[in-house]
Amino acid sequence: MKKKKRLIWQIYPSFLLITLISLMAVTWYASYSLRHFYLEETASDLEARARLIEKHILEHFNPPDEKQIDALCKGIGKHASTRITVILLSGRVIGDSADDPESMDNHLDRPEIIQAITGKVGISRRYSRTLEKNMMYVGIPLRDESRTIGVVRTSMPLISIDKAVKDVQIKIAVAGLLIAVLMAFVSLWVSRRISRPIEEIKKGAERFAGGDLHGRLPVLDSEEIGSLSETMNQMAEELQERINTITEQRGEMEAVLSSMVEGVIAVDVEERIISINHAAAKMFVCSPSKTKGRSIQEVVRNTVLQQFVKEALSSQKPLEKDIVLYSNGERFLNTHGSLLRDAEGNQMGALIVLNDVTRLRKLESMRREFVANVSHEIKTPITAIKASVETLRDGAMKTPADAERFLEITEKHVVRLEAIIEDLLSLSRIEQEHEKEEIRLSKDKVREVLEAAIQVCRPNADSKEVELALVCDEDMVANMNSALLEQSIINLLDNAIKYSHEKSKVQVEVTQTGSEITLNIKDHGCGIEREHLPRLFERFYRVDNGRSRDLGGTGLGLAIVKHIVQAHKGRVSVESTPGKGSTFSIHLPK
Ligand code: ADP
């Protein structure tokens, strides 16, 4: 690009040129007029002198006394410092103040003589070979009555005029030079005055262009520049306002997007990410700021979702699909895709909304699993009861011993069914009350609750000769629902006795730390393999199905314990060594 000149270097040279041309023109015209004036003055002076001499010469002209005339010329010429020449009509010189007339050539060809012979005043300027100088000649006709009888010519060297003109020219030139220097400064000052506000506006405009819209341009007196500054200031103000509005709107939009639980991804028609919110970035383990402009294939390593984006871009209707992600554990995403359009309705890309329904799906599958488990649990006793009833009807009833046996079997399974239903009911009651926050907690003595539970379990313990020991401060209190906590201790004690060897010991021990009270139920029974521990508190989870059923277990005891403790905002834990025993702990917040 051609380098742009600064405004001052466009204005200043023009100013300077105009000034110099004007000065030169004025100088030339002044010296021309002066020279013209001098020449005219000299011509009229020479004419006046010729007229003065004319009378004296005419006195000696009838007939012409050449000697007298020549002497007269020389006499007057010497005093008047003017060369005087008298010439006859034939062109012969008969008197001359500067030379010998005899030696002078015929003067008929001289322009001033030719003019004077015709009766006019002849004026001529030329180089005189006689005097070897530039001279001015004025010839007037010598008249005897009405007849021209000769010519009187006065002449003067032009050297004095030239000198005078040159003097004046030098003075004018010096003055002109001074004026030129002065004008150079003045024009520089004027040029600056014009260009400086424009430069300031330029700097201001550059600041505006650079994004700094807070500064304002100075408004000057000059109408055009002043209104230019005003207009630009107004423009900056409006721009600032618009930018503020856009920033505000964008902030609001980003706040809305980032606080959404659903993941939102906007892609353009080339599948590049325009925007991605925090929830979506978290789902795909990436940072929202680093993904902008990158393609969806780079960011989302899930072929089903990539395909879904393609379909959403080419479909006119909104789409929906369930997608499973495996990046952060198994996650189920209910995904909606629709076209993204700009204000004019043109397609900009697609909008993908991802709803994490993992919890919902897990709950659904838990519900399904639970129904299957309950059905399975109930099916066994019902089948057994049905078989016993059929056997009785088929004849066993008639034999008292058989009848007794099958009725015993039936009773055992009915008891079992009752236990399952009771456990299920209490589990669902605890869950419901917990959800509705209906479980009332109060500060009660822990020891009293533990003693009551031990009391309930003692017959079972005694039948196995298991010793029950309690270690707990008399006055230790905890925030609890005594009835529910008692039930959970009974469940744990019941298990501890069930899975203990005969004549062993079960300890109930309460410890206290800064933030919680821990109730430990420790047995020295069969213990539990490590792999079962994480799932132990799930409903219907058993380590050994057959053994648990034989011992009258429903597989719901620990689930009930967990729910009761959760209602107390506490947690349960278990430590166990196979063959050595287990310790189940309830941690209650203080
Ligand atoms: P159950 O009614 O079968 O006892 P629970 O929910 O109370 O059901 O217990 C789940 C399973 O945990 C039991 O089947 C048993 O295998 C195991 N378990 C519970 N308590 C103990 C314990 N003290 N010692 C060994 N195993 C236990």
Side-chain angles (χ1 to χ4, degrees), residues 366 369-370 373-374 376-381 412-431 450 453-454 456-458 460-461 463-470 484-509 518-567 571-587:
M366 263 168 73
E369 212 176 294
F370 180 67
N373 282 339
V374 170
H376 181 75
E377 287 295 325
I378 292 173
K379 201 168 181 279
T380 320
K412 188 184 135 199
H413 286 290
V414 168
V415 168
R416 187 168 160 64
L417 266 180
E418 194 188 14
I420 292 175
I421 287 163
E422 233 167 56
D423 275 359
L424 279 175
L425 282 175
S426 73
L427 194 60
S428 95
R429 199 178 52 243
I430 293 161
E431 262 182 332
L450 296 177
I454 289 171
V456 174
C457 296
R458 194 166 297 284
N460 278 351
S463 67
K464 274 182 94 175
E465 290 180 56
V466 170
E467 185 195 336
L468 296 178
L470 171 63
L484 287 179
L485 196 68
E486 188 185 320
Q487 190 184 341
S488 66
I489 304 288
I490 292 171
N491 285 6
L492 292 178
L493 270 177
D494 194 37
N495 280 348
I497 297 163
K498 258 194 306 194
Y499 298 103
S500 280
H501 312 295
E502 283 191 359
K503 295 183 182 155
S504 71
K505 190 177 177 184
V506 171
Q507 287 157 291
V508 180
E509 201 179 69
T518 310
L519 318 179
N520 301 304
I521 288 89
K522 187 176 179 183
D523 65 59
H524 301 87
C526 59
I528 309 156
E529 294 289 341
R530 206 180 164 74
E531 77 244 34
H532 300 291
L533 295 181
R535 298 194 61 195
L536 214 59
F537 292 90
E538 285 178 18
R539 289 161 208 205
F540 298 114
Y541 189 83
R542 295 179 178 103
V543 175
D544 178 344
N545 270 336
R547 188 166 176 212
S548 159
R549 285 204 189 98
D550 289 346
L551 293 170
T554 58
L556 292 168
L558 289 181
I560 292 172
V561 172
K562 187 175 105 180
H563 277 88
I564 290 174
V565 175
Q566 277 177 352
R571 62 190 173 89
V572 283
S573 64
V574 56
E575 275 172 30
S576 186
T577 317
K580 285 196 171 167
S582 321
T583 304
F584 284 80
S585 305
I586 293 176
H587 308 266

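In this text, all values refer to a predicted model and were calculated from it rather than measured experimentally. For reference, positions follow the sequence shown, starting with 1. The basis for the numbers below is simple: all heavy atoms, side chains too, and nothing from hydrogens, waters or symmetry mates. All ligand and atom numbering here is 1-based and tracks the order in the structure.
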### Task
Could you check whether the rings of Phe584 and Phe537 sit parallel, tilted or perpendicular, using 30° and 60° as the cut-offs?
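Phe584 vs Phe537 ring planes: perpendicular.
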### Query
Do Glu465 and Glu502 have side chains that get closer than 4.5 Å, going by heavy atoms?
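A side-chain contact under 4.5 Å is absent here.
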### Task
State which residues pass ring-ring contact (aromatic ring centres under 6.0 Å, His included) with Phe540; sequence neighbours excluded, sorted by chain then number.
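So Phe540 forms a ring-ring contact (aromatic ring centres under 6.0 Å, His included) with Phe370.
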#### Entry: Over all atoms of both residues, closest heavy-atom pair of Gln487 and Ser426
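Distance-wise, the nearest heavy atoms are NE2-OG, 3.7 Å.
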### Message
Within the supplied structure, the quantity of interest is the number of heavy atoms (other residues, nucleotides, ligands) at a distance under 6.0 Å from Lys464 NZ; does it exceed 12?
### Response
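Atom NZ in Lys464 is crowded, with more than 12 foreign heavy atoms closer than 6.0 Å.
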#### Entry: Pairwise distance CG(Asn520) to NE2(His587) - rounded to 0.5 angstrom
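One finds 7.0 Å between CG of Asn520 and NE2 of His587.
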Sub-3.5 Å pairs, protein N or O with ligand 1 N or O:
| unit_1 | atom_1 | unit_2 | atom_2 | d |
| --- | --- | --- | --- | --- |
| ligand 1 | 2 (O) | Thr554 | N | 2.9 |
| ligand 1 | 2 (O) | Gly555 | N | 3.0 |
| ligand 1 | 3 (O) | Ser548 | OG | 2.5 |
| ligand 1 | 4 (O) | Asn495 | OD1 | 3.0 |
| ligand 1 | 4 (O) | Lys498 | NZ | 3.3 |
| ligand 1 | 4 (O) | Tyr499 | OH | 3.4 |
| ligand 1 | 6 (O) | Gly557 | N | 3.3 |
| ligand 1 | 6 (O) | Leu558 | N | 2.8 |
| ligand 1 | 7 (O) | Asn495 | OD1 | 3.3 |
| ligand 1 | 7 (O) | Asn495 | ND2 | 2.7 |
| ligand 1 | 7 (O) | Leu558 | N | 3.4 |
| ligand 1 | 8 (O) | Gly555 | N | 3.4 |
| ligand 1 | 14 (O) | Tyr499 | OH | 3.4 |
| ligand 1 | 16 (O) | Val543 | N | 3.2 |
| ligand 1 | 20 (N) | Asn495 | ND2 | 3.4 |
| ligand 1 | 23 (N) | Asp523 | OD2 | 2.8 |

